[in-house]
Amino acid sequence: MVSRGMVILGRCRFWLLDINYEVKDHEPQVWIWGVDDEGRRVLIIDSSLEPYFYALLDENAYPEEVCTRIMNERAKLPLLLRAIPEQKRLFGEPVKAVKIYCQDPDVISKYARVISKLEGVRECLETDIRYSMRYLIDYDVTPSAWHEVEVEEGGDLNVQVDKVYIARSPPKRIEMNDLPKLRILSFFPVYYASKGSPKPERDPIVIIATAANNGENRIFTASEYEDRDLLRSFIDYVKSLDPDVIVGYQTNQRHWQYLMDRAKTLGLDLIVDRAGTWPHRSVYGHISITGRASIDMFDFADELPELKVKTLENMIDILGVKSLEEQKIIDEIEHSDFWDDKERRGELIEYAAEKANCILKALMEMLIYAVELSRLVGLPLDHIGKAAVGFRIEWYLIREAHRIGELIPERTEKPYMPYAGGMVLKPKPGIHENVCVLDFKSMYPNIMIEKNVSPDTYVPPSMPEPKSGVNVAPEVGHKFRKEPPGFYKRVLTQLISARNEIRSEMKNLDPKSLDYQLLDARQKAVKVITNAAYGYAGWIGARWFRKPVAEATAAWGRSMIMRSIEIAKDLGLEIVYGDTDSLFIKYKPEKVDMLVKRISDELGLEIRPEKIYRRILFTEAKKRYCGLLPNGTLDNVGLEVVRGDWANVAKITQERVLEMILKENSVEGAVEFVRGLINDLRRHKIPFRDLIIWKTLTMPVEKYKVNAPHVEAARILKRMGWNLTAGDQIGYVVIQGSGRLYERVKPYALATYDEIDVEYYVKKQIVPAALRVLSMFGVKEKDLISAPTSIRPKTLTDFFEAGKA
DNA sequence: GCGCCAACAGTACCA
DNA sequence: ACTGGTACTGTTGGCGCG
């Protein structure tokens with residue numbers, strides 16, 4: 001630090017943890033929360049960025065005149081500062097715009113409404129960019145990344161940090177990969193619910209278990225049903241530990257709201273942040289805790305496709321933290337009973353403590369990925385999980401748009417217009433040996449690059465063709481100018497080469513090293529964003545939506561796969577199946593090599609052998625198959641085994657049947673297995689949990705037109721006082737009785753084994769799952785259910801002989 | 001009133 | 001709340017039959 005007169009100057013290197021803004025007397029300040037390179041918690045305040053938005057002008061308007069007209073509104077709009085003409089682009093087209101500065105970011109939308117009515121103004125743009133995001137974009141400041149900033153000592157604010165600084169200039173990004181040593185706290189609350197879902201105005205919090213990454217485990221319990229001290233001690237503990245990251249499961253949609261409502265009921269101040277404010281709801285329904293990153297592990301459930309039923313226990317299992325078998329599981333329905341029972345209360349406490357520990361470990365499994373995604377996309381760490389895929393890519397695009405002088409289109413409502421997508425081939429049913437899967441490498445992104453498909457290169461039919469020429473999409477005829485490189489081409493080229501660089505850097509590293517893990521997380525984040533670009537282009541909610549962009553990309557994809565099939569046939573290769581960007585081919589090494597070469601020469605796209613199946617089984621159905629890999633594992637695609645909406649008993653059945661068929665060549669063995677399993681089930685020897693069928697409520701219960709089983713189960717829970725909303729997953733079982741299926745279901749927690757309609761599970765779960773595979777070998781339902789018949793099921797040999805005849 | 005069947009609703013998968 | 005293509009279960013309601 002250097003002292004110059006009264007002001008103490010210095011530099012601060014920090015890692016950006018959180019950002020918010022404050023407005024006092026219409027003067028905005030950006031507050032950047034970080035951890036510096038010596039482990040101090042810092043707050044850097046910058047008020048240098050003037051809020052602004054744009055007015056887009058009519059083509060024939062005179063910008064200077066419009067500026068005058070705008071500034072004449074100052075009587076009505078006193079916080080207007082300046083209006084300056086600017087040349088910008090919108091969807092690649094040069095446009096006349098006026099940049100309008102105004103003192104307070106919170107009045108922008110109101111001011112824009114007035115200004116958009118002025119003569120010469122077509123509409124206002126960039127009015128919906130939050131001031132803190134504006135700051136990040138304009139100064140190229142990046143969340144979850146290191147920066148250096150010139151600072152002076154800040155005043156004595158009432159905030160919980162080691163240092164407060166005033167920025168003398170915007171922070172500058174520096175390339176440093178490592179994470180600072182973050183203090184992390186996980187918590188797991190348990191509520192006492194007298195009836196149905198706990199209600200904060202009625203039901204106490206009886207336990208909050210916590211786990212911190214310094215090894216500390218704390219458990220806060222109510223004294224019987226009195227939770228004031230519990231909540232107070234929890235608040236005090238958070239303050240004293242002062243974590244940078246605070247993590248839980250379902251904290252955004254549930255727990256923070258409950259804690260807030262409960263604190264209100266008890267007359268307590270729920271201040272657990274660094275600025276003396278309550279948690280508050282922010283963008284995308286996320287709960288913000290100022291100065292800390294509040295992370296909800298539930299928001300990362302979608303990143304794990306093998307996680308079908310999104311319970312905390314399952315996530316902990318999938319992430320490899322603790323297997324389901326090792327975990328204590330107490331259903332929420334039973335929490336109150338456990339608390340009431342002095343004998344079992346300890347068990348409930350132990351359960352909560354275990355969950356808090358596992359949540360912490362689960363976060364550690366995902367943190368570097370979340371950090372890399374946050375840094376790549378430019379959204380703060382605590383927003384990135386909650387932001388849907390479309391918004392992640394959009395924020396990446398917004399940053400790029402700003403760099404190249406593109407105006408950011410407003411988010412508007414557009415009518416839904418479907419278009420044709422990828423091409424799917426009919427599979428050749430049966431078992432095939434030695435099948436090679438060829439995949440186009442990043443097909444859609446590469447098409448967009450090669451054909452310069454982009455919202456800003458689209459040439460509508462009414463527009464004259466540019467001199468540089470156009471690429472014309474097959475079938476649909478959409479035209480895209482060849483030059484200059486479009487927005488998507490630039491972005492995607494950048495992403496793909498970044499990923500290649502990362503991957504080549506990884507080759508020189510030990511896969512166990514932290515550097516490797518960081519790079520791996522980074523390349524995954526880049527891949528996700530790259531692959532989402534096509535879907536984004538066809539999303540009507542996208543700011544840069546242009547239907548022809550997505551439609552043409554898909555059309556080029558279809559023509560390329562069709563041409564590849566022609567070449568393959570020309571080479572005498574047999575195609576067994578294909579979907580969008582893949583071909584399944586009877587493997588002949590030399591000919592496949594030639595195919596790869598010819599496709600890359602002729603189509604300019606790389607296709608490569610992704611894997612070889614020793615054997616692969618197709619039914620009549622598309623998008624469903626099972627392949628045996630050289631290492632002896634099975635690839636199950638689309639079949640009941642991988643579906644979350646079949647009872648586990650059906651999945652076990654099918655998995656074993658597939659193993660018997662593909663590995664052991666034994667139809668008889670498969671049939672015997674199924675028959676045995678049915679017997680076991682009839683004698684109640686299959687675990688109850690394997691009978692639960694899970695389905696997602698996709699809308700509020702009242703909105704359903706038909707009586708579906710899971711909806712009926714949801715209605716039962718609702719009647720008992722449980723809150724259920726769209727997105728909730730309902731686990732139910734089928735019980736004995738008469739009438740429609742939906743009249744014979746119960747939420748699993750309310751049913752006993754004795755009530756179970758075993759025959760439903762036999763006829764509608766086990767048998768269909770088994771026959772999906774076995775019917776092609778002549779096996780019939782009666783072969784699986786009734787006593788053995790005289791008809792011998794066909795063997796594999798029979799099958800092949802029949803096929804050859 | 002019953003069984004059959006096609007249309008539809010609803011869900012989850014693949015790329 | 002990224003896209004379209006697809007399979008599949010269960011409900012609904014119309015139809016023929018008697």
Side-chain angles (χ1 to χ4, degrees), chain A residues 283-285 299 302 305-306 308-309 386-394 396-397 411 416-427 437 439-445 448 528-545 547 549-555 557-558 561 577-584 610 618-625 635-647 650 693-699 703-712 714 726-727 729-730 734 739-745 760 763-765 768-769 771-772:
Chain A
V283 277
Y284 315 121
D299 294 337
D302 291 341
E306 63 277 45
K308 308 288 177 188
V309 184
K386 197 75 193 161
V389 179
F391 293 106
R392 292 180 189 169
I393 179 140
E394 189 150 276
Y396 185 86
L397 291 174
R411 187 173 290 290
Y416 172 64
M417 296 180 283
Y419 65 89
M423 193 176 65
V424 191
L425 305 184
K426 264 201 183 121
V437 183
D439 266 318
F440 277 99
K441 205 173 143 188
S442 303
M443 184 196 240
Y444 286 161
M448 292 167 112
V528 165
I529 296 299
T530 310
N531 289 344
Y534 157 76
Y536 173 84
W539 171 41
I540 54 167
R543 289 174 192 262
W544 277 281
F545 172 69
K547 189 178 111 168
V549 170
E551 193 171 35
T553 305
R558 288 193 301 274
I561 203 86
Y577 176 63
D579 185 350
T580 311
D581 62 353
S582 67
L583 288 177
F584 291 56
E610 198 58 41
F618 287 104
T619 65
E620 304 274 343
K622 296 170 173 180
K623 296 185 184 279
R624 296 180 162 221
Y625 55 86
D635 246 0
N636 280 303
V637 180
L639 294 162
E640 281 77 0
V641 189
V642 296
R643 294 183 62 95
D645 56 349
W646 282 74
I693 299 164
W694 290 89
K695 279 202 166 69
T696 308
L697 283 180
T698 58
M699 49 190 145
K703 285 210 174 155
Y704 281 85
K705 291 180 195 161
V706 294
N707 300 302
H710 71 297
V711 178
E712 199 47 45
Q729 291 174 303
I730 311 293
V734 177
R740 292 278 185 193
L741 184 58
Y742 67 83
E743 294 169 301
R744 300 189 282 119
V745 297
Y760 170 83
K763 281 210 168 64
K764 300 291 183 175
Q765 294 280 329
L771 286 185
R772 192 88 55 220

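Quick note on labels: first sequence line is chain A, next is B, and so on, each numbered from 1.
Within the structure, every side-chain polar atom (N or O) of A:Y577 is placed at least 4.0 Å from both OP1 and OP2 of C:dT6.
Relative to the side chain of A:Y416, the nucleotides C:dA7, C:dG4, C:dT11 differ in distance, and C:dG4 lies closest. The side chain of A:V637 approaches B:dC14 more closely than any other nucleotide in the set C:dT11, C:dT9, B:dC14. Closest contact between the side chain of A:R740 and the listed nucleotides C:dT11, B:dC14, B:dT11 involves C:dT11. Checking B:dC14, C:dT3, C:dC2 against the side-chain heavy atoms of A:V389 singles out C:dC2 as nearest. With distances taken from any side-chain atom of A:W539 to the nucleotides B:dT11, C:dG10, C:dT3, the minimum falls on C:dT3.
A:A621 comes within contact range of the sugar-phosphate backbone alone, with a heavy-atom separation under 4.0 Å but no base atom that close. When heavy atoms are screened at a 4.0 angstrom cut-off, A:R624 is found touching the sugar-phosphate backbone but no base atom. Within 4.0 Å of A:A708, counting heavy atoms only, lies no atom of the nucleic acid at all. Within 4.0 Å (heavy atoms only), A:A554 reaches no atom of the nucleic acid at all. Within 4.0 Å (heavy atoms only), A:Y742 reaches sugar-phosphate atoms of the nucleic acid but no base atom. Residue A:V642 is classed as a sugar-phosphate contact, given heavy-atom separations below 4.0 Å to backbone atoms only. Counting non-hydrogen atoms under 4.0 angstrom, A:Y760 reaches the backbone sugars and phosphates but no base.
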